[in-house]
Amino acid sequence: MGQVDELIITARPEALDARGAVQPQSDTATERTAEERTADELIVKARQTSAKIRFIEDASLLDAVGGVGALLRFKL
């Protein structure tokens with residue numbers, strides 16, 4: 001289990017702030033933006049750690065945090 005209990009991400013990948021994202025050497029036949037690759041990577045990591053995923057339709061609600069947030073797990 002990872003530290004993220006719930007990933008909260010915008011439903012519009014273009015609203016993500018992908019600055020600092022690693023650019024692949026070559027992409028597959030379908031060209032994808034850095035924002036789409038970032039969203040995919042976050043979702044894959046969330047699934048690998050059994051985190052819940054919540055998509056937010058109104059991207060402006062997550063603008064202040066770059067389009068993504070998380071609720072963390074705490075040990076009691």
Side-chain angles (χ1 to χ4, degrees):
M1 255 195 210
Q3 296 299 315
V4 173
D5 184 50
E6 183 173 2
L7 175 68
I8 303 167
I9 188 167
T10 180
R12 294 181 29 231
E14 65 272 7
L16 283 176
D17 182 359
R19 287 179 287 164
V22 176
Q23 296 294 328
Q25 298 262 340
S26 62
D27 207 345
T28 59
T30 60
E31 292 297 320
R32 295 175 38 222
T33 66
E35 293 82 6
E36 290 170 332
R37 288 190 302 269
T38 300
D40 288 346
E41 185 176 329
L42 290 169
I43 292 166
V44 166
K45 292 287 185 189
R47 287 183 176 163
Q48 288 173 346
T49 60
S50 301
K52 293 173 262 180
I53 302 169
R54 180 177 301 198
F55 292 98
I56 305 299
E57 293 294 328
D58 185 358
S60 67
L61 295 173
L62 294 172
D63 278 347
V65 292
V68 65
L71 300 176
L72 304 179
R73 293 185 173 114
F74 291 95
K75 293 183 179 180
L76 297 178

Any heavy-atom pair between the side chains of [Y] and [X] that's under 4.5 Å?
X: V4; Y: K45; answer: no
X: I9; Y: F55; answer: yes
X: R54; Y: L7; answer: no
X: I53; Y: I43; answer: yes
X: I8; Y: L62; answer: yes

query: Can you tell me how far the CD atom of E14 sits from the CD atom of E36, to the nearest 0.5 Å?
result: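 Reported to 0.5 Å precision, the distance equals 8.0 Å.
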field: E35 side, atom CD; D40 side, atom CG - distance, nearest 0.5 Å
entry: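 Reported to 0.5 Å precision, the distance equals 11.5 Å.
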field: Within one Ile-Leu-Val-Met-Phe-Trp-Tyr cluster: V65 and I56, side-chain cutoff 4.5 Å
entry: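 Yes: a chain of side-chain contacts under 4.5 Å links V65 to I56.
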Between [X] and [Y], which heavy-atom pair has the shortest distance, and what is it?
X: T49; Y: G2; answer: CB-N, 3.6 Å
X: R32; Y: R37; answer: O-NH1, 2.5 Å
X: L16; Y: G67; answer: CD2-O, 3.4 Å

field: By salt bridge (charged side-chain N to carboxylate O under 4.0 Å, His left out) - contacts of K52 (at least two apart)
entry: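 Salt bridge (charged side-chain N to carboxylate O under 4.0 Å, His left out) list for K52, sorted by chain: D5.
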task: Could you list all the side chain to side chain donor-acceptor pair (under 3.5 Å) pairs where at least one residue sits in residues 62-74, not counting sequence neighbours?
output: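 Sorted result for residues 62-74: empty, none.
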query: Above 12 or not: heavy atoms from other molecules or residues under 6.0 Å from CD of Q3?
result: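 Check fails, neighbour count at 12 or below.
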- prompt: Should we say atom CD of E41 is surrounded by more than 12 heavy atoms from elsewhere, each under 6.0 Å from it?
  reply: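 Incorrect, the count does not exceed 12.
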